[in-house]
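Keep in mind that this is a model prediction, so the values were computed, not measured. So you know, we letter chains A, B, ... as the sequences are listed, proteins then strands, and number each from 1.
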Amino acid sequence: MSVRVRYAPSPTGSPHVGNLRTAVFDWLAARKYGGQFITRLEDTDRDPKRYKPEYIREIEESLIWLGITPDEWWVSGGPCGPYIQSERLHLYREAADALIARNMAYRCYCTEERLAEMRAQQQAAGTGTGYDRRCRWLTDTERLRLSEEGLPYTVRLAVPLEGTTGYTDLVFGDVTFDNRTVDDQVLLKSNGWPTYHLAVVVDDHHMGITHVIRGEDWMPSTPKQVLLYGALGWDQPVWVHIPLTLGSDRKKLSKRHGATQFVDFIRMGYLPEAMFNFMVLLGWAPGDDREVMTVAEILERFDLNGIGRNPAIFDYDKLRWMNGEHIRRCDHGRLAELCRPFLAEAGIIGDPPSEEENETLAALIPLMVERMHLLSDAPALMAPYFRDPEEPDAAGRRKWLTGSDARSRLTACVEAFSSDGSPLTAECAEETINRVAESLGIPRAPVIHTVRVAVTGTMVGPGLFEALAVLGRERVVRRLQRAQEWVVE
RNA sequence: GGCGCCAUCGUCUAGCGGUUAGGACGGCGGGUUUUCAGCCCGUUAGCCGGAGUUCGAGUCUCCGUGGCGCUACCA
């Protein structure tokens with residue numbers, strides 16, 4: 001079976017994790033079952049309050065960054081183009097005309113004012129809202145008169161007055177609606193542009209879409225589209241609604257819940273494979289207990305039938321944990337590359353970095369990998385290795401750089417580390433520290449702590465010997481000497 | 001209000017009539033150590049309620065309750 005699936009974003013908002021998650025499911029379905037992943041721009045809402053062309057860039061960036069570049073889309077074209085709805089307007093008009101000719105749709109001349117008034121009355125009366133179908137029952141002469149007057153009109157779907165409309169959903173099973181509760185939806189706006197309902201059906205049909213994978217919030221409008229497929233004489237796709245992603249307040253994820261825009265996650269230093277892994281787990285679970293997976297492993301286990309039905313709350317804590325897991329599995333060379341922009345932006349390394357900075361970074365990665373959760377942790381974690389600390393951490397100073405004992409430890413260390421000219425390895429550093437402790441007749445722990453604060457300015461960090469090796473003898477000695485001024489009595 | 005969907009630890013979930021209800025995140029406790037992190041071990045906490053079907057129900061049916069979604073010439 002060849003599947004064709006599509007992601008249909010609208011440039012009326014920055015794509016968010018909920019949206020991209022459906023794109024991930026689309027991509028997975030296409031790859032898993034050997035088909036094409038198509039992305040189509042649904043830009044039929046041109047209200048300047050909502051439509052923002054810059055969102056198109058964000059959509060493109062997000063998809064590419066995630067590694068799910070579409071097989072067919074407006075960027076690279078394809079056999080069913082154009083992939084931008086505003087460039088396909090004639091198709092929707094043709095469909096609308098065909099619908100009118102078959103009495104499956106009709107022209108509606110009601111003004112927005114009348115519609116608003118009608119809705120207000122319905123709400124006041126506490127009855128269900130929906131178009132009252134006034135224009136559906138216009139006589140031919142009335143229709144002719146209105147037409148000759150050249151009044152603007154919309155085209156509405158003529159929903160059957162009785163019976164039911166249903167469909168089978170791959171995730172939710174059979175869903176049925178009483179036609180009396182289905183509205184005579186506007187199909188073509190008065191400006192001649194289609195609404196979502198018409199455009200999506202026309203394009204999905206012409207583009208040969210076999211599976212419509214989209215958010216559960218589309219379920220209530222599906223009967224309108226099912227009706228449209230029938231009226232147009234087309235075969236329905238397989239419907240696959242996936243449960244929503246919620247914020248911590250259990251409401252549909254939105255800006256209110258902190259970072260939800262996908263590009264924010266990119267900027268915050270999440271790894272694409274971690275986002276992919278995490279998003280797919282929101283609604284789908286592999287058979288076994290392995291949760292941290294590569295894209296390849298997910299693909300191997302993925303099955304559309306395994307998608308659950310309950311909405312999932314987006315758990316930032318778990319995402320953070322998972323990102324750390326993927327960082328630890330990340331190739332060190334690639335990780336260094338990924339950290340670079342974060343370090344450069346913080347002004348810790350140059351842009352481009354010097355050769356020495358690159359070497360330091362490469363040496364640092366293995367030491368930092370288990371303390372990073374986000375790439376954006378890199379600057380704070382790594383700063384002490386690129387620049388001499390301005391001053392020691394206050395608590396660290398109080399604890400390890402205070403009193404005559406601290407002073408003598410430092411003095412002994414300066415001497416011990418500068419008495420040798422060989423490159424400073426971790427083994428050599430350990431040996432030196434051990435020797436100092438021995439000569440002072442104390443355990444090595446206090447020496448280690450004092451040196452750590454003296455050299456890195458902080459009490460936390462990777463194993464000291466490895467850290468000293470990264471810094472090199474010259475910088476270590478320099479910092480130890482300078483730290484002597486930091487000692488307080 | 002109408003329509004639709006959903007309902008297992010705080011969160012993500014496994015479970016597809018018989019289980020000590022399993023795993024993961026988080027929390028808590030302990031271990032390792034040179035601090036932090038990591039790692040290891042342990043622990044915490046759950047089947048929304050009520051009927052029914054059945055020898056037996058988290059699992060099937062119905063009702064209730066709750067939550068969410070949709071209800072635009074937005075998608």
Side-chain angles (χ1 to χ4, degrees), chain A residues 8-13 42-45 47 49-51 108 110-112 115-116 119 122-123 125-131 152-156 169 171-173 175-178 180-183 185-191 193-197 199-200 214-223 241 243-244 246 248 250-252 278 281-292 308-322 324 328 367-373 377 381 396 400 430 433 443-449 451-453 458-465:
Chain A
S10 165
T12 50
E42 309 242 326
D43 62 343
T44 56
D45 178 8
D47 185 329
K49 285 197 293 291
R50 293 184 289 264
Y51 176 88
C108 171
C110 291
T111 62
E112 298 213 44
L115 259 16
R119 207 170 297 126
Q122 288 168 335
Q123 272 161 2
T127 61
T129 54
Y131 181 52
Y153 61 86
T154 61
V155 175
R156 284 182 185 273
D169 193 288
V171 173
F172 290 92
V175 188
T176 308
F177 294 80
D178 188 324
R180 283 169 298 196
T181 67
V182 181
D183 200 10
Q185 185 67 45
V186 169
L187 264 21
L188 216 54
K189 308 176 197 178
S190 55
N191 65 3
W193 288 51
T195 59
Y196 171 84
H197 308 280
V200 76
R214 64 198 339 182
E216 178 192 350
D217 44 350
W218 288 108
M219 285 179 70
S221 73
T222 305
H241 287 98
L244 293 177
L246 275 25
S248 47
R250 300 201 149 276
K251 298 256 199 296
K252 197 169 149 182
F278 184 73
L281 251 20
L282 255 29
W284 173 82
D288 56 34
D289 287 336
R290 284 218 52 219
E291 289 197 307
V292 182
R309 279 150 315 200
N310 18 18
I313 291 174
F314 194 90
D315 184 347
Y316 292 87
D317 282 340
K318 189 160 182 176
L319 204 214
R320 180 184 151 78
W321 162 80
M322 182 163 280
R328 259 158 256 133
L367 310 191
M368 296 304 183
V369 87
E370 58 203 29
R371 327 173 193 256
M372 285 175 67
H373 285 96
D377 291 336
L381 248 23
W400 301 111
E430 178 164 15
I433 296 282
R444 69 182 201 170
V447 181
I448 288 171
H449 296 310
V451 172
R452 180 190 302 286
V453 177
T458 159
M459 285 203 288
V460 302
L464 183 70
F465 312 135

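- Searching all strands for a Watson-Crick or G-U wobble partner of A7(B) with both distances below 3.5 Å returns U65(B).
- As judged by a 4.0 angstrom heavy-atom cut-off over every strand, G128(A) is placed among the base-contacting residues.
- Of the two residues near RNA chain B, T44(A) and V175(A), the one whose nearest nucleotide lies more 5' is V175(A).
- The separation of G58(B) from G50(B), taken at their C1' atoms, amounts to 16 Å, rounded to a whole angstrom.
- Checking C12(B), A7(B), C68(B) against the side-chain heavy atoms of N310(A) singles out A7(B) as nearest.
- Of the candidates G2(B), C6(B), A14(B), C6(B) carries the atom nearest the P311(A) side chain, counting heavy atoms from C-beta on.
- Across C12(B), G4(B), G69(B), the shortest atom-to-atom separation from the side chain of A312(A) is found for C12(B).
- Note that the CG atom of L244(A) and the CG atom of D217(A) stand 5.0 Å from one another [nearest 0.5 Å].
- With rounding to whole Å, L115(A) atom CG is found 15 Å from U71(B) atom P.
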Go along nucleotides 35-43 of chain B 5' to 3' and tag each nucleotide: B for a protein heavy atom under 4.0 Å from its base, S when only backbone or sugar atoms are that close, - otherwise. BBBSS----
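- Between D47(A) and K49(A) there is a salt bridge, since at least one side-chain N of the basic residue sits less than 4.0 Å from a carboxylate O of the acidic one.
- Put simply, CE on M322(A) and CZ on F278(A) are 7.0 Å apart, with the number rounded to the nearest 0.5 Å.
- The minimum heavy-atom distance linking Y131(A) with D183(A) is given by the pair N-OD1, 2.8 Å.
- Pair assignment for G27(B): U43(B), on the basis of Watson-Crick or G-U wobble contacts that are both within less than 3.5 Å.
- Going from the C1' atom of U53(B) to that of C70(B) covers 35 Å, rounded to whole Å.
- Not a single donor-acceptor pair, N or O on each side, falls under 3.5 Å between the base of G1(B) and the side chain of Q122(A).
- Between the P atoms of C5(B) and C63(B), the separation comes to 12 Å (whole Å).
- With a 4.5 Å cut-off on side-chain heavy atoms, H449(A) and M459(A) do not count as touching.
- R328(A) and E370(A) make their closest contact through NE-CA, 3.7 Å (heavy atoms, listed as atom of the first residue, atom of the second, distance).
- Taking atom C1' in both C9(B) and C3(B), the straight-line distance is 33 Å, to the nearest Å.
- Between K252(A) and the phosphate of C70(B), there is a side-chain N or O to OP1/OP2 separation shorter than 4.0 Å.
- Residue Y196(A) places its side chain closer to A75(B) than to any other of C74(B), A75(B), A7(B).
- Enclosure of atom OH in Y153(A) is not indicated, since only 12 or fewer non-hydrogen atoms of other residues, nucleotides or ligands lie within 6.0 angstrom.
- C12(B) and A7(B): their P atoms are spaced 12 Å apart (whole Å).
- Here the side chain of T129(A) is nearest to one of G67(B), C25(B), A72(B), namely A72(B).
- The L244(A) side chain lies nearest to G69(B) when the options are C74(B), C5(B), G69(B).
- Closest non-hydrogen pair, P446(A) versus W400(A), comes out as CA-CZ3, 3.7 Å.
- Closest to the side chain of T181(A), out of G2(B), U8(B), A75(B), is G2(B).
- In this model, a side-chain donor or acceptor of S190(A) finds a partner on the base of C73(B) within 3.5 Å.
- Going from the C1' atom of G42(B) to that of G49(B) covers 35 Å, rounded to whole Å.
- Here the side chain of R250(A) is nearest to one of U11(B), C12(B), G22(B), namely U11(B).
- At the heavy-atom level, G396(A) lies nowhere under 4.0 Å from the strands shown.
- At C74(B), none of the side-chain N or O atoms of K49(A) fall inside 4.0 Å of OP1 or OP2 (strictly under the cut-off).
- Checked against U34(B), C5(B), C73(B), the side chain of R119(A) finds its nearest nucleotide in C73(B).
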